[in-house]
Amino acid sequence: MENTKNPLTSPCNFAGIKPIMADLPYPPLKVREKNPAYANLLSIDYCGAVSELSAITQYINNENRLSCENCPVAKTLLGIAVAEMMHLQKLGELIVLLGGNIDFTAKHRNGVRRMWTPEYLTIPENTGRMIQADIEAEKAAIDQYLMHIRMIKDEGVNAVLKRIIKDEEYHIMLLRALAEGE
């Protein structure tokens, strides 16, 4: 029989969650010229194994799982997820400006095309391991962005990638603080 006198509710109120990110403006979204090769590189950042789409999904999953037991951590993870959504949006615009398509397929230089899959996620059971997996994912994203910056010879694109890295570094700092509290 359903309990109608005392319904179960989440102790967490997520109203007003804002993106958690470095307090710096983003550069304008502009490219020198259409460049499908650069668009393909950014498609990996958009929806590859190490990507903004993977980060968003992993953070939302972790936030959902923690919302009833650890509201402060859940709220932080949701704020980081919102920042990752902004990164996804900016990468999407750059891909289109570069002449690419947004189709949730990462297009690799060797011609391999991979559709995004939740198999890319790391979903540990306890909070400490979740946070550690998030830290590792942020580090991998930074490494990938740095590699792409070296490959892309378009200052407009690279300025946006460098700005996204600032957020990822800030996320690592916050996640490490959360890990110390666990």
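In this text the structure is predicted, and so the values were computed from the model without any measurement.
The hydrophobic cluster containing I95 also contains M115, counting ILVMFWY residues as joined when their side-chain heavy atoms lie under 4.5 angstrom apart, directly or transitively. Hydrophobic clustering of Ile, Leu, Val, Met, Phe, Trp and Tyr side chains at less than 4.5 Å, counting indirect connections, keeps I44 apart from M147. When the side chains of ILVMFWY residues are joined at heavy-atom separations under 4.5 Å, either directly or via intervening members, I102 and Y120 end up in a single hydrophobic cluster. Grouping the Ile, Leu, Val, Met, Phe, Trp and Tyr side chains by contacts below 4.5 angstrom, directly or via other members, places Y38 with L97.
Every residue meeting the salt bridge (charged side-chain N to carboxylate O under 4.0 Å, His left out) condition with K139, not counting sequence neighbours, appears here in chain and number order: E136.
Side-chain atoms of K18 and V82, non-hydrogen and from C-beta on, never get closer than 4.5 Å to each other. For the pair V31/L94, a side-chain contact is recorded, criterion being any heavy-atom separation below 4.5 Å from C-beta on. Side-chain atoms of S67 and F14, non-hydrogen and from C-beta on, do get closer than 4.5 Å to each other. A 4.5 Å side-chain heavy-atom check between R150 and L146 finds at least one atom pair inside the cut-off. Counting only heavy atoms from C-beta outward, the side chains of K166 and K162 never approach each other to under 4.5 Å. Between I80 and L175, some side-chain heavy-atom pair lies under the 4.5 Å cut-off.
H148 contributes atom NE2, which lies 4.5 Å from atom CG of L41 (distance to the nearest 0.5 angstrom). In this structure, the separation between CG on L42 and CG on L161 is 6.0 Å, given to the nearest 0.5 Å. Here the CD1 atom belonging to I142 is positioned 6.5 Å from the CD1 atom belonging to I165, to the nearest 0.5 angstrom. Note that CG of L78 and CG of L66 are 11.5 Å apart. Values are rounded to the nearest 0.5 Å. Of the inter-residue distances, the one linking N158 atom CG with Y145 atom OH reads 12.0 Å to the nearest 0.5 angstrom. Between atom CD of residue E84 and atom CE of residue M21 there is a gap of 9.5 Å, rounded to the nearest 0.5 Å.
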Q: In sequence, state the C-alpha distance, the side-chain angles, and the governing distance for D45 and E52, and then conclude on side chain to side chain contact (heavy atoms under 4.5 Å, CB included).
A: CA-CA 6 Å; D45 299 321; E52 297 299 336; 5.7 Å; no
(Q) As a quick check of understanding, evaluate side chain to side chain contact (heavy atoms under 4.5 Å, CB included) for N40 and L98, giving each step before the final call. (A) CA-CA 9 Å; N40 289 347; L98 289 164; over 6 Å; no
**Q.** Derivation and outcome, side chain to side chain contact (heavy atoms under 4.5 Å, CB included), residues T76 and L178
**A.** CA-CA 9 Å; T76 300; L178 289 177; 3.7 Å; yes
Q.
side chain to side chain contact (heavy atoms under 4.5 Å, CB included) for W116 and Y46? Distances and angles first, verdict last.
A. CA-CA 9 Å; W116 185 87; Y46 187 87; over 6 Å; no
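Residue pairs meeting the salt bridge (Lys or Arg N to Asp or Glu O under 4.0 Å) criterion with at least one member in residues 98-113, sequence neighbours excluded, are D103-K107, D103-R113. Pairs engaging residues 132-182 under the disulfide bond (SG atoms under 2.5 Å apart) rule: none recorded [sequence neighbours left out].
Cysteines C71 and C12 have SG atoms closer than 2.5 angstrom.
Side chains of Y26 and H87: a donor-acceptor N/O pair is present below 3.5 angstrom, by distance only. Of the N and O atoms on the side chains of N62 and D134, at least one donor lies less than 3.5 Å from an acceptor on the other residue. Side-chain N/O atoms of S51 and S54 include a donor and acceptor closer than 3.5 Å.
In terms of modelled atom types and a separation under 3.5 Å, the side chain of R65 and the main chain of T127 share no donor-acceptor contact. At least one donor-acceptor pair closer than 3.5 Å links the side chain of Q58 to the backbone N or O of T122. Within the 3.5 Å criterion, the main-chain N or O of V50 finds a donor-acceptor partner in the side chain of Q144.
In this structure, G48 and A106 approach most closely via the heavy-atom pair CA-CB, 3.9 Å. I20 and A83 get closest at one heavy-atom pair: O-CB, 3.2 Å. Nearest heavy-atom pair across L88 and L53 is CD1-N, 3.9 Å.
Using a 4.0 Å cut-off between charged side-chain N and carboxylate O, K75 and E63 make no salt bridge.
Ring orientation note: the planes of Y59 and H171 are nearly perpendicular, at an angle over 60° on the 30°/60° scale.
Taking a 6.0 Å sphere around CG of D23, one finds it holds 12 or fewer heavy atoms contributed by other residues, nucleotides or ligands. Annotation for R114: atom CZ does not count as buried by contact number, only 12 or fewer foreign heavy atoms lying within 6.0 Å.
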